[in-house]
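The figures that follow rest on heavy atoms only: side chains count, while hydrogens, waters and symmetry mates do not.
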Amino acid sequence: WELGPVLPADMRANMGRREAEFHTGYDNLLTDYMAQVGVDITSDLSPPKELMVEVRVLEDVGEVMMESGSVNLAKGTQHSLKRADVEHLVRQGYLEELERHESC
(Lines give C-alpha, C1' and ligand atoms only; values in the text may rest on other atoms or scores of the structure.)
Protein backbone atom coordinates (compact mmCIF):
# COMPACT_ATOMS: atom_id res chain seq x y z
CA TRP A 1 0.00 0.00 0.00
CA GLU A 2 2.74 2.43 0.97
CA LEU A 3 4.68 1.76 -2.24
CA GLY A 4 1.77 2.14 -4.67
CA PRO A 5 1.29 0.24 -7.89
CA VAL A 6 4.95 0.20 -8.95
CA LEU A 7 7.15 -1.98 -6.79
CA PRO A 8 10.90 -1.40 -6.58
CA ALA A 9 12.93 -3.71 -8.82
CA ASP A 10 14.57 -5.53 -5.87
CA MET A 11 11.17 -6.38 -4.36
CA ARG A 12 9.78 -7.53 -7.71
CA ALA A 13 12.86 -9.72 -8.28
CA ASN A 14 12.18 -11.52 -4.99
CA MET A 15 8.54 -12.24 -5.81
CA GLY A 16 7.33 -15.50 -7.25
CA ARG A 17 5.14 -15.61 -10.34
CA ARG A 18 1.94 -16.02 -8.31
CA GLU A 19 2.87 -13.15 -6.00
CA ALA A 20 3.48 -10.88 -8.98
CA GLU A 21 0.15 -11.94 -10.52
CA PHE A 22 -1.62 -11.26 -7.21
CA HIS A 23 -0.05 -7.80 -6.95
CA THR A 24 -1.08 -6.93 -10.51
CA GLY A 25 -4.63 -8.22 -9.95
CA TYR A 26 -4.94 -6.36 -6.65
CA ASP A 27 -3.69 -3.13 -8.22
CA ASN A 28 -6.24 -3.48 -11.05
CA LEU A 29 -9.08 -4.06 -8.56
CA LEU A 30 -8.02 -1.09 -6.48
CA THR A 31 -7.79 1.17 -9.53
CA ASP A 32 -11.25 0.09 -10.74
CA TYR A 33 -12.75 0.62 -7.28
CA MET A 34 -11.30 4.12 -6.96
CA ALA A 35 -12.66 5.03 -10.40
CA GLN A 36 -16.13 3.81 -9.41
CA VAL A 37 -16.33 5.66 -6.09
CA GLY A 38 -14.44 8.74 -7.26
CA VAL A 39 -11.99 8.80 -4.34
CA ASP A 40 -8.27 8.11 -4.46
CA ILE A 41 -7.91 6.03 -1.31
CA THR A 42 -4.17 5.65 -1.83
CA SER A 43 -3.37 9.38 -1.66
CA ASP A 44 -3.01 9.35 2.13
CA LEU A 45 -1.66 6.64 4.39
CA SER A 46 -4.47 7.32 6.84
CA PRO A 47 -8.08 7.59 5.63
CA PRO A 48 -9.75 11.01 5.62
CA LYS A 49 -12.06 11.68 8.55
CA GLU A 50 -14.47 13.66 6.40
CA LEU A 51 -15.53 13.41 2.77
CA MET A 52 -16.26 17.14 2.73
CA VAL A 53 -13.62 19.80 3.43
CA GLU A 54 -13.72 23.52 4.06
CA VAL A 55 -11.34 25.35 1.74
CA ARG A 56 -10.27 28.96 1.15
CA VAL A 57 -9.30 30.03 -2.35
CA LEU A 58 -5.77 31.48 -2.40
CA GLU A 59 -5.61 32.24 -6.14
CA ASP A 60 -8.39 32.78 -8.66
CA VAL A 61 -9.21 29.47 -10.28
CA GLY A 62 -12.43 30.48 -12.00
CA GLU A 63 -15.42 28.30 -12.79
CA VAL A 64 -14.70 24.64 -12.04
CA MET A 65 -16.97 21.69 -12.77
CA MET A 66 -17.38 19.47 -9.72
CA GLU A 67 -19.39 16.29 -9.34
CA SER A 68 -22.15 18.33 -7.68
CA GLY A 69 -22.10 21.09 -10.32
CA SER A 70 -20.22 24.22 -11.25
CA VAL A 71 -18.38 26.27 -8.60
CA ASN A 72 -16.69 29.66 -9.01
CA LEU A 73 -13.42 29.53 -7.07
CA ALA A 74 -12.64 33.23 -6.67
CA LYS A 75 -9.72 34.39 -4.51
CA GLY A 76 -10.69 34.90 -0.87
CA THR A 77 -13.89 32.87 -0.98
CA GLN A 78 -14.56 29.83 1.22
CA HIS A 79 -16.37 26.67 0.18
CA SER A 80 -17.42 23.31 1.59
CA LEU A 81 -16.62 20.79 -1.15
CA LYS A 82 -15.95 17.10 -1.63
CA ARG A 83 -12.35 16.28 -0.78
CA ALA A 84 -11.95 14.23 -3.97
CA ASP A 85 -13.00 17.24 -6.11
CA VAL A 86 -10.49 19.69 -4.63
CA GLU A 87 -7.57 17.61 -3.36
CA HIS A 88 -5.47 18.31 -6.47
CA LEU A 89 -6.12 22.07 -6.19
CA VAL A 90 -4.99 22.04 -2.55
CA ARG A 91 -1.78 20.21 -3.55
CA GLN A 92 -1.16 22.74 -6.34
CA GLY A 93 -1.52 25.65 -3.89
CA TYR A 94 -4.69 27.20 -5.32
CA LEU A 95 -6.74 26.30 -2.21
CA GLU A 96 -5.97 25.76 1.44
CA GLU A 97 -7.85 23.32 3.62
CA LEU A 98 -9.26 24.96 6.71
CA GLU A 99 -9.22 23.26 10.09
CA ARG A 100 -12.60 22.15 11.32
CA HIS A 101 -13.21 22.91 14.97
CA GLU A 102 -15.33 20.32 16.73
CA SER A 103 -17.85 21.73 19.18
CA CYS A 104 -17.99 20.13 22.63
Out of curiosity, [X] [atom1] to [Y] [atom2], how far, rounded to the nearest 0.5 Å?
X: Met52; Y: His79; atom1: CE; atom2: NE2; value: 12.0 Å
X: Met15; Y: Met11; atom1: CE; atom2: CE; value: 7.5 Å
X: Asp85; Y: Leu95; atom1: CG; atom2: CG; value: 11.0 Å
X: Ser70; Y: Glu63; atom1: OG; atom2: CD; value: 3.0 Å
X: Leu89; Y: Leu73; atom1: CG; atom2: CG; value: 6.5 Å
X: Glu54; Y: Glu97; atom1: CD; atom2: CD; value: 9.5 Å

Quiz prompt | Stepwise side chain to side chain contact (heavy atoms under 4.5 Å, CB included) test for Met66 and Val86 | solution = CA-CA 9 Å; Met66 305 280 177; Val86 297; 3.7 Å; yes
Self-check item: Nearest non-hydrogen partners of Glu59 and Val57, listed with the distance
Solution: O-CG1, 3.0 Å
Between side-chain atoms of residues 28-39 and protein atoms elsewhere (two or more places apart, or another chain), which donor-acceptor pairs fall under 3.5 Å?
from	atom 1	to	atom 2	distance (Å)
Asn28	ND2	Thr24	O	3.3
Thr31	OG1	Asp27	O	2.9

Quiz item: Is there a donor-acceptor pair under 3.5 Å between the side chain of Asp60 and the backbone N or O of Lys75?
Solution: yes
Exercise. Would you check if the side chain of Glu19 reaches a backbone N or O of Gly16 as a donor-acceptor pair within less than 3.5 Å?
Key: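 Between the backbone of Gly16 and the side chain of Glu19 there is a qualifying donor-acceptor contact (under 3.5 Å).
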Practice problem: Mind checking side chain to side chain contact (heavy atoms under 4.5 Å, CB included) for Glu96 and listing every partner two or more places apart, or none if nothing turns up? | Solution: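 For Glu96, the residues satisfying side chain to side chain contact (heavy atoms under 4.5 Å, CB included) (neighbours in sequence not counted) are Arg56, Leu58, Leu98.
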